[in-house]
Amino acid sequence: MAAGSSNYWEDLRKQARQLENELDLKLVSFSKLCTSYSHSNSREGRRDSSDTTPLLNGSSQDHMFETMAVEIEQLLTKLTGVNDKMAEYSSTAGVTSINAALMHTLQRHRDILQDYTHEFHKTKANFQAIREREDLLGSVRKDIESYKTGSGVNNRRTELFLKEHEHLRSSDRLIEETISIAMATKENMTSQRGFLKTIQSRMNTLANRFPAVNSLIQRINLRKRRDSLILGAVIGICTILLLLYAFH
């Protein structure tokens, strides 16, 4: 009976890890799609308004976005179901002796699910904001073209309108660069987060297997804290002495 329960728990963990790996890959692709959408629409805004290719590209990217969003939501739903099954198993009366270890593992999977859910909603909101901004700028471009056709380029009001349009385009480019930097930073932090989680998991495993290692780590942390306090006190005393010497 115990062997069967252990196998069931391991199967749930394998399912959770597999879903987490799939979600990680999907979210990276999702983020890259958002970045490429911003760049492609920026290039399209500089093309002639009679070119229909940008419309097709935008429509294709919108469809890809919707498809990937549905796939990620499905994976999140599946991972939530697996976590619920793990929670139900960990609360079973027959596994009380190892309940602490199970709860630790379950909490780690819940944290990963929460991070992925937050990242998905944030990227989705960014994508929708970029799409709304591009729609607004596209409407402005059409109004400018219509105004130029009806009034002529030499009209003073047209010139002022064009200058304002150039200002908007400059602001648009700055916003796109900022978004690109933010996306690159987010991808880097996502990669570092996975690396740090792996290290933390290994450290927790070592700490659980070797209590002496855990005790040694706590002693090191206490010594570092003590050294920090001593160093802070020395710096404070030196600062006070310098101030007394300066105003004496």
Side-chain angles (χ1 to χ4, degrees), residues 1-36 61 63-127 183-218 220-221:
M1 183 66 180
S5 298
S6 177
N7 291 335
Y8 177 70
W9 174 257
E10 289 300 324
D11 289 340
L12 291 176
R13 289 191 61 189
K14 289 179 181 179
Q15 294 177 26
R17 286 194 294 267
Q18 181 179 357
L19 291 171
E20 288 166 359
N21 291 334
E22 292 181 10
L23 275 168
D24 188 63
L25 294 175
K26 288 285 186 182
L27 288 171
V28 171
S29 300
F30 197 56
S31 177
K32 291 181 178 179
L33 175 63
C34 182
T35 304
S36 64
Q61 287 181 322
H63 177 70
M64 188 179 301
F65 167 78
E66 297 295 339
T67 301
M68 292 187 67
V70 171
E71 292 176 355
I72 293 174
E73 288 176 348
Q74 291 175 349
L75 289 174
L76 289 173
T77 301
K78 291 180 181 179
L79 184 56
T80 301
V82 173
N83 283 350
D84 291 341
K85 291 180 181 179
M86 294 173 71
E88 181 180 356
Y89 174 81
S90 63
S91 61
T92 304
V95 293
T96 54
S97 59
I98 56 175
N99 190 54
L102 297 183
M103 291 302 298
H104 173 76
T105 302
L106 174 61
Q107 185 60 43
R108 183 158 54 86
H109 286 292
R110 283 177 171 173
D111 291 340
I112 294 175
L113 173 60
Q114 184 177 2
D115 291 341
Y116 284 158
T117 302
H118 176 73
E119 182 177 347
F120 167 66
H121 289 304
K122 183 178 180 181
T123 304
K124 184 177 180 180
N126 289 338
F127 186 95
M183 290 297 180
T185 303
K186 182 182 69 63
E187 291 180 4
N188 188 21
M189 292 183 66
T190 300
S191 177
Q192 291 181 3
R193 181 194 64 194
F195 180 70
L196 291 175
K197 283 185 177 180
T198 302
I199 293 177
Q200 182 182 5
S201 176
R202 292 178 179 177
M203 291 295 294
N204 290 334
T205 302
L206 288 175
N208 291 330
R209 292 182 178 179
F210 306 101
V213 175
N214 190 22
S215 176
L216 178 60
I217 292 174
Q218 292 179 355
I220 292 173
N221 290 332

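Both backbone and side-chain heavy atoms feed into the values below; hydrogens, waters and symmetry mates do not. Please read these numbers as outputs of a predicted model, since none were measured by experiment.
- Annotation: side chain to side chain contact (heavy atoms under 4.5 Å, CB included) contacts of S29 (sequence neighbours excluded): M68.
- Remark: N83 engages no residue in a side-chain hydrogen bond (donor to acceptor under 3.5 Å, both in side chains) (not counting sequence neighbours).
- If you take CD on E10 and CZ on R13, they are separated by 5.5 Å, rounding to the nearest 0.5 Å.
- A search for ring-ring contact (aromatic ring centres under 6.0 Å, His included) contacts involving F120 returns F30, not counting sequence neighbours.
- The closest side-chain heavy-atom distance from K32 to E187 is below 4.5 Å.
- By the salt bridge (Lys or Arg N to Asp or Glu O under 4.0 Å) test, E88 pairs with no residue at all, sequence neighbours left out.
- Between atom CG of residue L75 and atom CG of residue L113 there is a gap of 11.0 Å, rounded to the nearest 0.5 Å.
- Summarising the geometry, atom OH belonging to Y8 is positioned 9.0 Å from atom OH belonging to Y89; distances are rounded to the nearest 0.5 Å.
- Annotation: the span from W9 atom CH2 to L106 atom CG amounts to 5.5 Å, rounded to 0.5 Å.
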For residues 16-26, please give each side-chain donor-acceptor pair under 3.5 Å, one per line with the distance, not counting sequence neighbours.
from: E20; atom 1: OE2; to: H109; atom 2: ND1; distance (Å): 2.7
from: N21; atom 1: ND2; to: R17; atom 2: O; distance (Å): 3.2
from: K26; atom 1: NZ; to: E71; atom 2: OE1; distance (Å): 2.5

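- A distance of 10.0 Å separates OH in Y116 from CG in L76, rounded to the nearest 0.5 Å.
- Within the structure, salt bridge (charged side-chain N to carboxylate O under 4.0 Å, His left out) contacts touching residues 103-127 (residues at least two apart or in different chains) are E73-K124, D115-K197, E119-K186, E119-R193.
- Here L12 contributes atom CG and N7 contributes atom CG; the two are 11.0 Å apart, rounded to the nearest 0.5 Å.
- Heavy atoms from other residues, nucleotides or ligands lying under 6.0 Å from CD of Q114 number 12 at most.
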